Amino acid sequence: MACLVRFIYGLVVVILSSIPLCTHAMPPQPPVSCNASGCVLHNSYGAWGDRKECRASNVTYPTTEEEIRLVVAQANQKKQRIKVVSGFSHTIPKLACPASTSENTILISTAMYNSNIEIDSKAMTVTADSGVGLRDIINKVEEAGLSLVAAPYWEGVSIGGLISTGAHGSSWWGKGGAVHDHVVGLSLVIPAGKSEGYAKSIVLDNRNPVLDAAKLSLGMLGVISKVKLSLELGFKRSITNIYNADTTFEDEFIDIAKKHEFADINWYPSRHIAVYRNDDRVPLNSSGDGINDFIGFQANLILVSESVRATEKALETARNVNGKCTMAASVVGYKKLAGNGLKNNLIFTGYPVVGRQGRMQTSGSCLHSPATNTLSTCSWDPRIQGLFFYETTAIFPASKFRDFIHDVKKLRDQKLENFCGVDVYNGFLIRFIKASTAYLGQSEDSVVVDFNYYRADDPSTPRLNQDVWEEVEQMAFFKYGAKPHWAKNRNLAFLGVQQKYPKFSKFLAAKKQLDPQNMFSSDSSDEILFGKETIKVDGCALEGQCICSEDRHCNPSKGYFCKPGLVYNDARVCRYSPSSMAYPLMAKD
């Protein structure tokens, strides 16, 4: 979850500097809860895109591949729908929801299938149970004097879940920044006929073209039981963040990605700042024992998280744009002062920060703590009234990224303060992933853009500057044809998605071969995979369930009407227009 939210707590630097740093947090709650009437699956944010519950008849917790096979066999005999969930559940779309009702459905959790990690130092590979957490794999690999080259920025994911949804870091070098492109084999439990016991395990490697479907499958081909990844000899990384004016970064991104192996760019449009992360591999004997403890993934006192959310809600209610700009300035300033969570040893003392690959490539310290701690959490924990946000992630062909940024700048320059809301989080995080052989991966070297922004507690409540982020969103996915990240985004981002993948038909052929009865599909996952448009209802555009075509898809009673985009005129956005309340009109597509 590389881009969850990168840190809003710089809001009040005074608060942060006056209380002790929290090193432990209340661990996240399990994603599945059950009672006599069945089970409910939650994601880590506590709300799906449509705000509706995801229910299943039952959940099972296998500990071996054979137990997984038996569960799939029984479900096959009973004609049940199956979905797989890990112990983390950080996916935003409802890919893991087995059906619109709980009848005749089952969840397979890999939360307890997480014990085996095998290193083959000669072959330079690691093989792990699919439920093993990323941090556990990295630690084991590093102990063997090796390194896993690619990883997402957020470590709170299982290895099976992260490859299934296309999780990635940042690199155009070698095999690239997407973890699934480092997969050299996997085992998959799939339905079978009576003669084979109704389920079987198959082993796929690079000699089998089905691997290109299975290594990024959205969980729709079967249950991944084992994952084998390629490794390299251990190394360190050296990171320096350089703060620049944002005047030319769209003309420099290719040079940056080619010059620095793990480069990324953080763009704060309201501050006119682009932060270049010069991030390179260095030898193991290089001086330094640094760590990447990204600020947004550190444990934070519940009081602080709730205070920040309350402040942002108050600014939204008051339509106080200037207040958000003050927040944004504090956030960016604090992140610069603190090295954005990089630590030379115990604290940040200056650049470069040099440390082992396993300590620099991913982070998530708020995950790791005893259950007895009740004072601090990850900031988005749904058990508290903390951060609640959207995350839009668009994947551009490198050739189109420059023009997209030019359009965003045009929109920004019309009213600068409208962009402060995104800088309260992490601005635009810009990363790089290589062309992939995966059928649902990228067909060419690409640029990934993530941005987070405020989400209201009530789905009928419009947001301050809502039209701006809807226009940027539609500009990305429809004007420039960006692909949506499979594990993130609001539903509208997936409209027409199958036309964006040249090998989509090959994925469907593999799906039909491995799961001919669609046991691992559901209405929810089909809606994402096939980019289906849902029926438009009142208010559907407020939460990205549709693109407005009539005023009722927004919230006219609160002054939000369906209007054309300001720069991308084909966009249809919900804009605050109180003067329209006296004479509401029907907006046309």
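In what follows, every heavy atom counts, from backbone to side chain, and hydrogens, waters and symmetry copies are set aside. In this text, all values refer to a predicted model and were calculated from it rather than measured experimentally.
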Does the ring-ring contact (aromatic ring centres under 6.0 Å, His included) test come out yes or no for Tyr480 and Phe477, once each step is laid out?
CA-CA 6 Å; Tyr480 290 104; Phe477 295 117; over 10 Å; no

Could you tell me if the side chain of [Y] sits less than 4.5 Å from the side chain of [X], heavy atoms only?
X: Leu162; Y: Ser164; answer: no
X: Tyr153; Y: Leu429; answer: yes
X: Pro269; Y: Asp423; answer: yes
X: Leu95; Y: Ile528; answer: yes
X: Tyr268; Y: Asn426; answer: yes
X: Val447; Y: Ile395; answer: no

Name the one of Asp570, Asn569, Asp407 that satisfies side-chain hydrogen bond (donor to acceptor under 3.5 Å, both in side chains) with Lys479?
Asp407

Taking atom CD as the centre, does Gln385 end up with more than 12 heavy-atom neighbours from other residues, nucleotides or ligands that are less than 6.0 angstrom away?
no

Determine whether the aromatic ring centres of residues [Y] and [X] are separated by less than 6.0 angstrom.
X: Trp267; Y: Phe253; result: no
X: Trp469; Y: Phe451; result: yes
X: His168; Y: His180; result: no

Aromatic ring pairing Phe404/Phe401, orientation class (parallel under 30°, perpendicular over 60°, tilted between):
tilted

Centre of [Y]'s six-membered ring, under 6.0 Å away, within 45 degrees of the axis: is that where NZ or CZ of [X] sits?
X: Arg575; Y: Tyr560; value: no
X: Lys324; Y: Tyr454; value: yes
X: Arg309; Y: Phe389; value: no

Look at the side chain of [X] and the backbone N and O of [Y], then say whether any donor-acceptor pair between them is shorter than 3.5 Å.
X: His260; Y: Phe262; value: no
X: Ser446; Y: Gln442; value: no
X: Thr377; Y: Ile302; value: no
X: Ser89; Y: Pro31; value: no
X: Asn43; Y: Ala47; value: yes

Using a strict 4.0 Å threshold on nitrogen-to-oxygen distance, state whether Arg455 and Glu543 make a salt bridge.
yes

May I ask you to say whether Asp50 pairs ionically with Lys94, meaning some side-chain N is under 4.0 Å from a carboxylate O?
yes

Let's go through Lys343 and Asp293 carefully: what are the C-alpha distance in whole Å and the side-chain angles of both, what is the deciding distance for salt bridge (charged side-chain N to carboxylate O under 4.0 Å, His left out) to 0.1 Å, and is it a yes or a no?
CA-CA 7 Å; Lys343 299 174 182 178; Asp293 187 16; 2.9 Å; yes

By the definition salt bridge (charged side-chain N to carboxylate O under 4.0 Å, His left out), identify the one residue from Arg402, Lys400, Lys409 that meets it with Glu250.
Lys409

Among Phe428, Phe388, Tyr425, Tyr390, ring pair (Phe, Tyr, Trp, His ring centres under 6.0 Å) partner for Tyr453
Tyr390

